[in-house]
Amino acid sequence: MLDTKFILSNLEFVRQTVADKGAAHARIDLDKFVRLDESRRKAQTENDRFAAEKNKLSKQIGPLMGKLKGSDEAARAAAQKEIDALKAQSAALDDQIQQQAFEFAKAETELDQMRAWIPNVPHESVPPGKSAADNPVVRTWGEPCRFEFKPKFQYELGEDLGILDCARGAKVAGSGFYFLCGDGARLERALIAWFLDEHRKNGYLEVIPPYFVNEKTLFGSGQLPKFLDQMYYAGEDKLFAIPTAEVPVTAFYRDEMLGESDLPKKFCASSACFRREAGAAGADTRGILRVHQFNKVEMLKYTTPETSYAELESLTADAEALIQKLGLHYRVITLCRGDLGFSAAKTYDIELWAPGTGKWLEVSSCSNFGDYQARRSNLRYKTAGGGKPQFVHTLNGSGLALPRLQAAIWETYQQKDGSVIVPEVLRSYLGGQERIEARKA
RNA sequence: GGCGGGUUGGCCGAGUGGUCGAAGGCGGCUGUCUUGAAAACAGCUAGACGGGAAACCGUCUCGGGGGUUCGAAUCCCUCACCCGCCGCCA
């Protein structure tokens with residue numbers, strides 16, 4: 001959420017951001033926002049004046065009540081008379097207070113609702129651009145591998161090796177669900193364990209988060225209210241299945257006050273992720289490039305505003321290091337203004353080259369959210385200097401998302417005989433196994 | 001699912017109708033003392049919003065919401081969460 005004062009004093013910048021992010025929407029009417037803020041302030045000023053007056057009257061009644069207990073009957077009668085007069089004055093204020101309080105609440109509620117739909121503004125280093133086609137490539141690592149045979153793509157490899165079963169996934173749960181079997185499941189487990197071990201070495205605290213969260217938690221990270229239709233919802237219990245571990249871990253310190261010396265805080269979390277992918281029908285439907293449930297290890301950081309952009313670089317580097325050790329070809333792109341997500345101030349996407357599919361696959365999205373999520377989550381820290389509490393900055397990035405990574409590994413390390421070589425760093429997690437071969441029945 | 005006890009500032013913890021935004025302690029900051037530090041002593045130390053050039057002033061906030069009252073941390077209702085005991089169960 002953006003600060004109301006920031007919106008008002010940077011109105012055109014916010015207006016441009018809303019347009020850039022394609023967030024233009026009847027719910028966001030910035031001219032109305034300005035008007036509402038004016039009426040909110042006016043109502044509050046009026047309300048405060050009447051309330052102050054009423055408070056003064058009440059304070060006069062207290063001592064008079066004491067006099068009612070005295071023995072002098074004339075004095076008691078006089079006090080009673082005074083009390084009645086004060087009560088009458090007080091009652092006369094009620095209508096006005098109620099009226100102003102109503103006006104204030106009405107304006108504030110509308111302002112809050114509108115603010116909930118206004119996206120974060122981009123950092124100054126974010127490049128201009130309208131869509132994914134305009135995202136500049138920051139760097140590329142490795143070389144695309146060459147084959148002396150026609151390489152298979154992920155779905156074929158998975159099914160041929162017997163490590164992926166999409167048909168039965170569809171039967172059991174529906175399209176977009178799948179089984180990993182045998183060495184496919186083991187490779188997944190190895191990757192997750194290895195990621196977490198690497199992150200722990202880099203100072204990230206490993207957590208296993210709740211897979212279901214409440215509405216407030218989703219509001220905090222920015223999924224709600226805008227992306228309601230992308231979430232699985234258990235209505236009986238008013239709980240949502242998490243689309244990423246970012247959601248529960250960002251809420252870890254919600255409504256809390258941290259100390260500056262506690263920062264930065266670094267977490268890594270492994271979880272299943274659940275996404276309805278509404279509106280994505282027809283895209284990447286074959287295999288495991290776009291699915292409703294997948295595993296992911298997520299890295300998160302809570303930092304001070306001063307260090308968050310440096311921490312974004314190191315977060316991205318931590319994700320890249322994993323890919324480098326796996327020996328895969330990848331590139332890093334910066335999302336342009338038009339492609340930047342709702343809550344993000346700056347994002348790097350990391351894409352793996354999948355030689356069989358012939359596409360770059362996004363396996364990590366590393367973002368700095370600035371204070372946007374912290375504001376929505378009421379998450380502050382006390383500064384070392386002792387000044388006012390500040391909102392922390394939050395960052396997160398995948399390290400890494402499993403299905404597309406598996407796809408890239410299969411495709412990159414496939415052999416002429418159809419088997420797949422296991423990347424060296426993972427072998428100790430697989431009992432030394434060096435190769436995945438077709439599973440018999 | 002049933003019954004009982006809780007929820008107060010960064011933390012702990014007093015406070016059962018008025019002078020309470022809240023005693024006391026811890027922690028933090030500042031000063032005195034000291035070569036420096038510790039200790040001791042003194043002072044300061046919640047947030048949001050509004051008004052104001054500022055000093056400062058006002059309103060609201062004692063888990064959330066609603067109610068009673070001139071006035072609520074305090075009384076009533078309700079919801080959430082936490083801690084017990086019972087039931088069910090991986």
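Each chain gets a letter, A, B and so on, in the order the sequences are listed, and its residues count up from 1. Hydrogens, waters and symmetry mates play no part in the numbers below; they use all other heavy atoms, side chains included.
OP1 or OP2 of B/rU59 lies within a sub-4.0 Å distance of a side-chain N or O belonging to A/N55.
No side-chain donor from either of A/K388 and A/T383 sits under 3.5 Å from a side-chain acceptor of the other. A donor atom on one side chain and an acceptor atom on the other are not found under 3.5 Å apart for A/T250 and A/S221. In this structure, a donor-acceptor pair under 3.5 Å is absent between the side chains of A/Y178 and A/Q293. Using modelled atom types, one finds no donor on one side chain facing an acceptor on the other under 3.5 Å when comparing A/K296 with A/S271.
Ring pair A/F240/A/Y232: centre-to-centre distance not below 6.0 Å. A/F274 and A/H292 have their aromatic ring centers separated by at least 6.0 angstrom. You'll find the ring centres of A/Y253 and A/Y302 inside the 6.0 Å limit.
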Protein N or O to nucleotides 18-28 of chain B N or O, pairs below 3.5 Å:
from	atom 1	to	atom 2	distance (Å)
B/rG18	N2	A/S58	O	3.0

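Between A/R49 atom CZ and B/rG52 atom P the separation is 14 Å, expressed in whole Å. As rounded to whole Å, 11 Å separates atom C1' of B/rU69 from atom CG of A/D94. Spacing between atom CG of A/D255 and atom C1' of B/rC82 amounts to 16 Å, rounded to whole angstrom units. Between the CD atom of A/E215 and the P atom of B/rA80 there is a distance of 14 Å, given to the nearest Å. In this structure, the CG atom of A/L86 is 18 Å from the P atom of B/rU69, given to the nearest Å. Rounded to an integer number of Å, the gap from A/L93 CG to B/rG71 P is 11 Å. Distance, A/K54 NZ to B/rG58 P: 19 Å, rounded to whole Å. Remark: P of B/rG10 and CD of A/E260 are 17 Å apart, rounded to the nearest angstrom.
Pair check for B/rA23 finds none; no Watson-Crick or G-U wobble contact set falls under 3.5 Å. Pairing for B/rC44 is with B/rG28, a Watson-Crick or G-U wobble pair whose two hydrogen-bonding atom distances lie under 3.5 Å. When both pairing distances are held under 3.5 Å, B/rA53 makes no Watson-Crick or G-U pair with any nucleotide shown. When Watson-Crick and G-U wobble pairs are counted only if both distances are under 3.5 Å, B/rC85 pairs with B/rG2. Here B/rU7 sits opposite B/rA80 as a Watson-Crick or G-U wobble pair (both hydrogen-bonding atom distances under 3.5 Å). Nucleotide B/rU68 forms a pair with no other nucleotide shown, judged by Watson-Crick or G-U wobble geometry with both contacts under 3.5 Å.
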When you check every protein heavy atom under 4.0 Å of nucleotides 45-50 of chain B, what one-letter string (B, S, -) results, 5' to 3'?
--SSBS
I'd like to know whether A/K130 forms a salt bridge (charged side-chain N to carboxylate O under 4.0 Å, His left out) with A/D20, so could you lay out the CA-CA distance, the side-chain angles of the two residues, the decisive distance to 0.1 Å, and finally the verdict.
CA-CA 7 Å; A/K130 286 185 168 36; A/D20 282 348; over 6 Å; no
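Ion pairing between A/E110 and A/K32 holds under the 4.0 Å rule for side-chain N and carboxylate O.
Between B/rA14 and B/rC89, the two P atoms lie 40 Å apart (nearest whole Å). A gap of 10 Å separates the C1' atoms of B/rC62 and B/rU7, to the nearest Å. To the nearest whole angstrom, the two P atoms, one in B/rA72 and one in B/rG64, are 15 Å apart. Between B/rU74 and B/rG2, the two C1' atoms lie 30 Å apart (nearest whole Å). A distance of about 47 Å separates the P atoms of B/rG15 and B/rU35, rounded to the whole Å. A distance of about 26 Å separates the C1' atoms of B/rG27 and B/rC83, rounded to the whole Å. Look at the P atom in both B/rA22 and B/rU45: the space between them is 10 Å, to the nearest Å. Here, B/rG65 and B/rA73 have their P atoms 13 Å apart, quoted to the whole Å.
Take the nearest nucleotide of RNA chain B for A/A51 and for A/K87: the residue whose nucleotide is more 5' is A/A51.
A/Y381 is not listed as a side-chain neighbour of A/F391, based on a closest heavy-atom distance of 4.5 Å or more.
A/R376 places a side-chain N or O within 3.5 Å of a backbone atom of A/F219 that can act as its donor or acceptor partner.
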